[in-house]
Protein chains: 2
Amino acid sequence: MSTIKDVARAARVSIATVSRVVNNDAKVSDKTRASVLKVMADIGYTPNANARALVTQKSSTIGVVIPDLTDPFFASLANGVDQVARQHHMQLLLSTGQISAESELQAINVLIERRCDVMVVHSKKIKAEVLLKLAEKIPGLVLIDRYIAAIAHRCVWLDNEEGGRIAARHLMSLSHQHIAYISSKYEIDDPLTRLKGFTEQLPQQHLTSSPDLIAYEEPNLRGGEIAAQKLLAKGLPFTAIFVYNDAMAIGAISTLEDNGFKVPSDISIIGFDDVLFSRYSRPKLTTLRYPIEQMAKKAALLALQLSKGEVSDEEHKYIPNLVKRESTAIAATTK
Amino acid sequence: MSTIKDVARAARVSIATVSRVVNNDAKVSDKTRASVLKVMADIGYTPNANARALVTQKSSTIGVVIPDLTDPFFASLANGVDQVARQHHMQLLLSTGQISAESELQAINVLIERRCDVMVVHSKKIKAEVLLKLAEKIPGLVLIDRYIAAIAHRCVWLDNEEGGRIAARHLMSLSHQHIAYISSKYEIDDPLTRLKGFTEQLPQQHLTSSPDLIAYEEPNLRGGEIAAQKLLAKGLPFTAIFVYNDAMAIGAISTLEDNGFKVPSDISIIGFDDVLFSRYSRPKLTTLRYPIEQMAKKAALLALQLSKGEVSDEEHKYIPNLVKRESTAIAATTK
DNA sequence: ACGGCAAATGTAAACGTTTTCATTTTTTCC
DNA sequence: GGAAAAAATGAAAACGTTTACATTTGCCGT
């Protein structure tokens with residue numbers, strides 16, 4: 001692959017001059033600029049970004065750490081960051097790592113090796129104190145979907161507890177008395193926090209929560225199917241399910257209908273996230289909107305600012321919105 | 001950020017030695033290795049990948065060019081490549097570019113600047129001759145979802161025409177006589193090729209195709225909704241729709257049911273792609289399986305081999321599989 | 001025609017590594 | 001104990017850029 005030297009030689013100028021035309025530096029005459037440009041096109045020169053990054057100490061790269069691209073939630077996250085990257089003529093460097101402290105840490109490390117100075121990190125398992133150290137080391141690091149008080153202004157997060165409360169209120173307003181919860185089997189905060197908000201709202205209508213009406217599975221379509229089966233197998237009465245996320249919710253609906261239950265007339269379902277296809281499910285899914293793409297953009301922008309040394313102590317807390325569609329209705333027994 | 005020199009100084013050895021322990025080179029005594037390792041941990045040294053890439057002339061990065069992460073089809077593609085990257089301890093560099101020759105070209109260029117020697121490119125709009133030049137320049141470039149005869153062994157593609165034929169045969173076997181086609185509005189080969197295969201199969205049952213029964217829209221959920229509305233608005237009779245992709249199919253079903261048509265009893269729908277949520281739609285979608293993730297893995301592996309100079313003249317053509325689920329049934333009138 | 005100044009261009013150091021080759025240290029063997 | 005061989009270490013060049021500083025060129029006014 002040709003280098004700046006090849007161009008310099010062919011154009012009979014110094015490499016400094018070539019560098020100047022590559023970088024659109026003003027200090028070069030129109031004549032030489034034109035001839036250099038021509039040579040570059042002729043020999044097909046492409047500047048080496050690694051060499052550039054080395055000397056300038058900037059990577060022009062935004063890093064993203066997520067567990068997995070297949071999950072539309074994370075794809076949206078990555079997409080949000082990508083949009084900001086494009087706007088700023090930067091590139092997306094993707095570092096995936098399953099949800100484990102070790103794997104997440106390694107994913108971040110890859111970005112550091114690349115001297116990525118702007119990064120949006122989705123980490124559930126790394127301990128807060130470790131993250132704190134990392135944040136200190138890398139000014140442009142922003143946490144998404146996680147809250148650590150000591151660096152609150154560098155966290156872009158959603159109030160899951162409030163989400164749980166909203167779901168509970170909605171279902172109770174429809175007179176549901178027995179509400180099940182389908183949860184993610186992973187030991188991360190989100191399902192717990194959502195359940196907490198949900199549970200603490202119940203006594204308001206003199207309801208209580210029952211651990212028997214909770215099923216834990218993989219947070220995807222298949223997991224939702226299985227969780228619903230488990231719930232059904234218990235033989236306990238319930239007229240509504242609050243589901244950890246939309247994928248599980250749709251899986252659950254699938255099982256329910258296959259077993260002869262109508263949603264929402266027999267059983268109401270409320271999901272979480274409002275991923276793209278939730279409004280196209282049958283019945284259309286009632287859910288809590290998690291504006292992840294918007295949050296990701298915010299996080300990327302914030303990371304960009306921080307990397308330039310700009311600071312603000314604003315908080316970046318988002319509240320989920322109730323999106324009423326067709327999967328919830330008045331409780332069956334009271335109809 | 002600390003460098004190899006800092007480590008060398010602190011450990012009282014030369015940078016060559018530090019480099020050796022970083023790279024796990026055998027030629028270093030256990031004693032010095034241990035002490036260097038300790039120093040590295042103490043001062044929190046992370047090797048600079050850019051410097052490394054510069055001197056070794058390898059980027060340890062697999063590049064992917066796709067239009068957009070939000071589309072689950074492309075997310076699966078990226079995911080397949082990512083899996084291979086992880087297996088080979090490489091990183092995913094994502095370069096997105098809308099579907100236009102200019103944008104695609106620029107996306108590829110970004111990867112070249114990064115000296116990405118392995119890349120999986122999804123390009124619909126760049127002219128074959130340009131791609132040929134690029135392929136010549138970059139041995140590790142593989143095209144996915146496109147076929148160019150001159151570099152057939154570097155293309156991983158699906159036989160769309162055969163897909164069209166399979167869809168036609170399936171629908172005809174269910175006695176459908178009037179079949180509409182919902183197409184992508186983008187001027188790329190795929191929708192045309194699928195339609196071609198589809199159309200050429202019709203005369204076998206003495207059917208003919210009608211341009212009036214074709215609607216063109218954005219290839220996503222919303223586009224499917226609109227396309228179905230358009231079809232309905234024409235007031236022409238049809239009992240089945242062959243839809244360009246699953247997202248559109250699900251959008252179409254949504255519109256159809258909202259307008260009082262039952263799928264499949266009134267109208268049968270067959271999609272294309274078999275994305276994850278197709279089997280969770282209501283009714284479950286009959287579709288043609290496009291094994292994109294598997295193909296992406298293949299493409300990544302192939303690119304890896306090619307970049308190492310290994311060649312084979314094998315072709316990499318995939319045939320879509322019919323996945324019969326619930327959205328197709330015997331034509332209404334013949335019931 | 002010439003000094004002076006601005007504009008254009010060039011020189012060379014620096015970025016942080018890897019790696020070849022040379023040198024030093026350690027081990028082995030008689 | 002000492003020579004030879006093996007193992008460990010170090011010195012320095014190279015990778016392809018950018019950029020501060022030095023030098024050359026061209027132009028102006030007199």
Side-chain angles (χ1 to χ4, degrees), chain A residues 1-37 39-40 43-61 89 91 109-117 137, chain B residues 1-37 39-40 43-61 89 91 109-117 137:
Chain A
M1 189 142 296
S2 57
T3 76
I4 201 172
K5 286 183 195 169
D6 301 324
V7 177
R9 198 173 312 124
R12 305 173 176 283
V13 294
S14 71
I15 59 169
T17 300
V18 178
S19 172
R20 282 190 266 258
V21 351
V22 169
N23 293 291
N24 252 303
D25 192 314
K27 307 285 179 183
V28 41
S29 74
D30 291 350
K31 205 177 119 215
T32 50
R33 159 165 287 127
S35 88
V36 169
L37 248 20
V39 171
M40 293 198 329
I43 70 179
Y45 167 71
T46 313
N48 184 323
N50 296 313
R52 233 191 244 222
L54 182 57
V55 55
T56 60
Q57 308 276 44
K58 338 201 119 354
S59 67
S60 69
T61 284
H89 302 105
Q91 220 46 40
N109 212 46
V110 164
L111 298 184
I112 299 181
E113 284 184 0
R114 286 285 196 299
R115 294 302 184 266
C116 215
D117 30 20
K137 186 173 171 186
Chain B
M1 190 143 297
S2 58
T3 76
I4 200 172
K5 286 184 195 167
D6 301 325
V7 177
R9 197 174 311 124
R12 302 172 180 284
V13 294
S14 71
I15 60 168
T17 300
V18 178
S19 172
R20 281 190 265 260
V21 351
V22 168
N23 293 291
N24 252 302
D25 192 314
K27 308 283 182 186
V28 41
S29 74
D30 290 350
K31 204 177 119 215
T32 49
R33 160 165 288 127
S35 89
V36 169
L37 248 20
V39 171
M40 291 196 332
I43 71 179
Y45 167 70
T46 312
N48 183 322
N50 296 313
R52 234 190 240 222
L54 183 57
V55 55
T56 59
Q57 308 277 45
K58 339 202 122 342
S59 66
S60 69
T61 283
H89 303 104
Q91 219 46 38
N109 211 47
V110 165
L111 298 184
I112 299 181
E113 284 183 2
R114 286 285 197 298
R115 293 302 183 266
C116 214
D117 29 21
K137 185 173 172 185

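Sequence lines set the chain letters: A, B, ... in the order given, protein chains first and strands last, and positions in each chain run from 1.
Sparse packing is recorded around NZ of B:K58, with 12 or fewer heavy atoms of other residues, nucleotides or ligands lying under 6.0 Å away.
For A:T32 and C:dT9, the shortest distance from a side-chain N or O to OP1 or OP2 is below 4.0 Å. Put simply, B:T3 has no side-chain N or O that comes within less than 4.0 Å of OP1 or OP2 on C:dG16. In this structure, B:T56 does not reach the C:dT18 phosphate: none of its side-chain N or O atoms is under 4.0 Å from OP1 or OP2. Taking only side-chain nitrogens and oxygens, A:S14 never comes nearer than 4.0 Å to OP1 or OP2 of C:dT11. Side-chain nitrogen and oxygen atoms of B:Q57 include none within less than 4.0 Å of the OP1 or OP2 phosphate oxygen of C:dT18.
Taking atom CG of residue A:N48 and atom C1' of nucleotide D:dG16, one finds them 6 Å apart after rounding to whole Å. Atom CD1 of A:I4 and atom C1' of D:dC15 are 13 Å apart (whole Å). Rounded to whole Å, atom P of D:dA8 lies 9 Å from atom CZ of B:R33. A:R52 has its CZ atom 16 Å from the C1' atom of D:dC15, to the nearest Å. Atom pair A:R12:CZ and C:dA8:P shows a separation of 22 Å (rounding to whole Å applied). To the nearest angstrom, P of C:dT20 lies 15 Å from CD1 of B:I15. Distance B:K5 NZ to D:dG10 P: 16 Å, rounded to the nearest Å. Look at CZ on B:R20: it is 16 Å from C1' on C:dG16, rounded to the nearest Å.
Residue-to-nucleotide proximity on DNA chain D shows that, of A:V55 and B:T17, the 5′-proximal contact is made by B:T17. Each of B:L54 and B:A16 lies near DNA chain C, and the nucleotide nearest B:L54 is the one positioned closer to the 5' end. Nearest-nucleotide assignment on DNA chain D puts the 5′-proximal partner with B:D30, out of A:V18 and B:D30.
Side-chain to base pairing of B:R115 with D:dG16: no donor and acceptor N or O lie closer than 3.5 Å to each other.
Evaluation of the salt bridge (Lys or Arg N to Asp or Glu O under 4.0 Å) test over residues 22-35 of chain A, restricted to residues two or more places apart or in two chains, returns none.
Note on A:S19: a base of the nucleic acid sits closer than 4.0 angstrom, heavy atoms only. Here A:V13 lies in heavy-atom contact (under 4.0 Å) with sugar-phosphate atoms only. Residue B:S29 is in sugar-phosphate contact alone, with no base atom involved, counting any heavy-atom pair closer than 4.0 Å across all strands shown. Among the atoms of the strands shown, none is found under 4.0 Å from any heavy atom of A:N50.
Shown here for B:S2 and B:I43, the closest heavy-atom pair between the two residues is OG-O, 3.9 Å. Contact between B:S14 and B:A8 at its shortest, heavy atoms only, is C-CB, 3.8 Å.
Formation of a donor-acceptor pair under 3.5 Å by the B:R12 side chain with backbone atoms of B:R9 is not found in this model.
Inspection of the B:R114 and A:T61 side chains reveals an N or O donor paired with an N or O acceptor under 3.5 Å.
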